[in-house]
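By convention here, the first residue in the shown sequence is residue 1.
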Amino acid sequence: AEFRELLATLLPCIRRRRHAVARELVRPPLALCHGDCHLENVSFGEHFEGGCMFIDFGLTGFGQPLSDVAMVIGQGMAAEVRRVHERSLVSYYHKCLLEFGVPDYSAAQCWRDFQFQLFRPFFSLLTIAPSFARQRKKRVGMFAANPSEGDKKLYAMYQKINARLAQALIDHGFVQRVEEFDFTAPPCCRPCC
């Protein structure tokens, strides 16, 4: 229910500002990002160098560095926990960036990028929504009368991460952010922008 309400609120805003939103999503600096960095694609354990291992690199590509961070925090943490810890987690990430030699990237810009990149998993979901709609219409996969255990798990995962993401976008006033953002990204080279 939350997700449908959020969608109804966001879509008119996104349609109005779609070119600016698209430019902001790929505004430099860019880094190689996992692209599907939800917790089902991360394995934790001492036997992994650095404490974790990522799987499923099908959506890996260049994007803003905070996109993976926003996905893990926005979709991977219960709203009550995220609200308490997100600022300190992003601050720690920023501190690490500085220690690894990233110049001219302020804490304020890092926080702004994190907040905006909460939209990326929502955008990803919108791109796969038509395939979900087809499955639902045909009553196959997650929407089958007798779904497989894997499909049941996938459905439960999407229910949980989508509710968390919707709450994160609401908490961060995403519609107001998009309306108020000063999109400083240069126009793209396509005449439609």
Side-chain angles (χ1 to χ4, degrees), residues 17 20-127 157 160-189:
R17 307 281 322 261
V21 169
R23 285 192 304 266
E24 184 68 14
L25 283 171
V26 294
R27 178 184 41 78
L30 301 176
L32 189 61
C33 298
H34 184 278
D36 196 16
C37 200
H38 56 78
L39 292 179
E40 295 291 322
N41 286 338
V42 184
S43 297
F44 296 93
E46 294 174 4
H47 53 283
F48 299 125
E49 184 178 340
C52 68
M53 176 187 77
F54 291 82
I55 61 170
D56 188 2
F57 292 90
L59 296 177
T60 298
F62 286 97
Q64 283 193 345
L66 272 289
S67 65
D68 285 341
V69 174
M71 185 173 280
V72 168
I73 293 172
Q75 289 183 320
M77 299 175 81
E80 317 74 59
V81 176
R82 176 189 44 79
R83 289 176 188 131
V84 171
H85 297 286
E86 67 186 342
R87 188 163 295 265
S88 63
L89 290 169
V90 173
S91 292
Y92 182 75
Y93 181 80
H94 178 256
K95 177 181 171 261
C96 291
L97 288 175
L98 296 178
E99 287 174 3
F100 282 107
V102 172
D104 303 323
Y105 191 57
S106 70
Q109 185 64 46
C110 187
W111 180 248
R112 177 189 179 275
D113 288 347
F114 165 76
Q115 289 179 303
F116 190 81
Q117 290 301 316
L118 286 167
F119 179 68
R120 185 173 286 279
F122 180 77
F123 180 72
S124 295
L125 180 64
L126 291 179
T127 63
M157 179 195 77
K160 186 175 282 189
I161 65 176
N162 291 345
R164 289 175 177 172
L165 177 62
Q167 191 58 59
L169 289 167
I170 291 166
D171 288 352
H172 286 277
F174 191 78
V175 171
Q176 294 84 4
R177 286 199 162 280
V178 170
E179 296 290 2
E180 295 169 0
F181 266 164
D182 173 23
F183 290 101
T184 57
C188 81
C189 58

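- Residues that satisfy the salt bridge (charged side-chain N to carboxylate O under 4.0 Å, His left out) test with Lys160, not counting sequence neighbours, are absent from this structure.
- Looking at residues two or more places apart in sequence or on another chain, you find a side-chain contact (heavy atoms from CB on, under 4.5 Å) between Phe100 and Cys96.
- Applying the salt bridge (charged side-chain N to carboxylate O under 4.0 Å, His left out) criterion to Arg120, with sequence neighbours excluded, gives no partner residue.
- Across all their heavy atoms, Val42 and Cys52 have their closest contact at CG1-CB, 4.0 Å.
- Atom OG in Ser106 sits 9.5 Å away from atom CG in Leu98 (nearest 0.5 Å).
- If you take NE2 on His172 and CH2 on Trp111, they are separated by 4.5 Å, rounding to the nearest 0.5 Å.
- For the atom pair OG1 of Thr127 and CG of Leu59, the computed distance is 8.0 Å after rounding to the nearest 0.5 Å.
- Applying the salt bridge (charged side-chain N to carboxylate O under 4.0 Å, His left out) test to Glu80 and every residue at least two apart in sequence or in another chain returns nothing.
- Environment of OH in Tyr92: sparse, with no more than 12 heavy atoms of neighbouring residues, nucleotides or ligands closer than 6.0 Å.
- Applying the salt bridge (Lys or Arg N to Asp or Glu O under 4.0 Å) test to pairs two or more places apart or on separate chains, those with a residue in residues 29-48 are Glu40-Lys153.
- Every residue meeting the side-chain contact (heavy atoms from CB on, under 4.5 Å) condition with Tyr105, not counting sequence neighbours, appears here in chain and number order: Leu66, His94, Leu97, Val102, Gln109, Cys110, Asp113.
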Side-chain donor-acceptor pairs of residues 67-79 under 3.5 Å, sequence neighbours excluded:
{"unit_1": "Ser67", "atom_1": "OG", "unit_2": "Gln64", "atom_2": "O", "d": "2.9"}
{"unit_1": "Asp68", "atom_1": "OD1", "unit_2": "Gly35", "atom_2": "N", "d": "3.1"}
{"unit_1": "Asp68", "atom_1": "OD2", "unit_2": "His34", "atom_2": "N", "d": "2.7"}

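- Partners of Arg83 according to the side chain to side chain donor-acceptor pair (under 3.5 Å) rule, which considers only residues two or more places apart in sequence or in another chain, are Asp171.
- Listed by chain and number, the residues in a side chain to side chain donor-acceptor pair (under 3.5 Å) with Tyr93 amount to none (sequence neighbours excluded).
- Other residues, nucleotides and ligands contribute more than 12 heavy atoms inside 6.0 Å of the CD atom of Glu99.
- Sequence neighbours left out, the pairs with a member in residues 84-94 that pass salt bridge (Lys or Arg N to Asp or Glu O under 4.0 Å) are Arg82-Glu86.
- Residue Phe57 comes nearest to Phe54 through the heavy atom pair CE1-O, 3.4 Å, listed as atom of the first residue, atom of the second, then distance.
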Between Leu169 and Phe122, does a side chain to side chain contact (heavy atoms under 4.5 Å, CB included) hold up when you go through it step by step? CA-CA 9 Å; Leu169 289 167; Phe122 180 77; 3.9 Å; yes

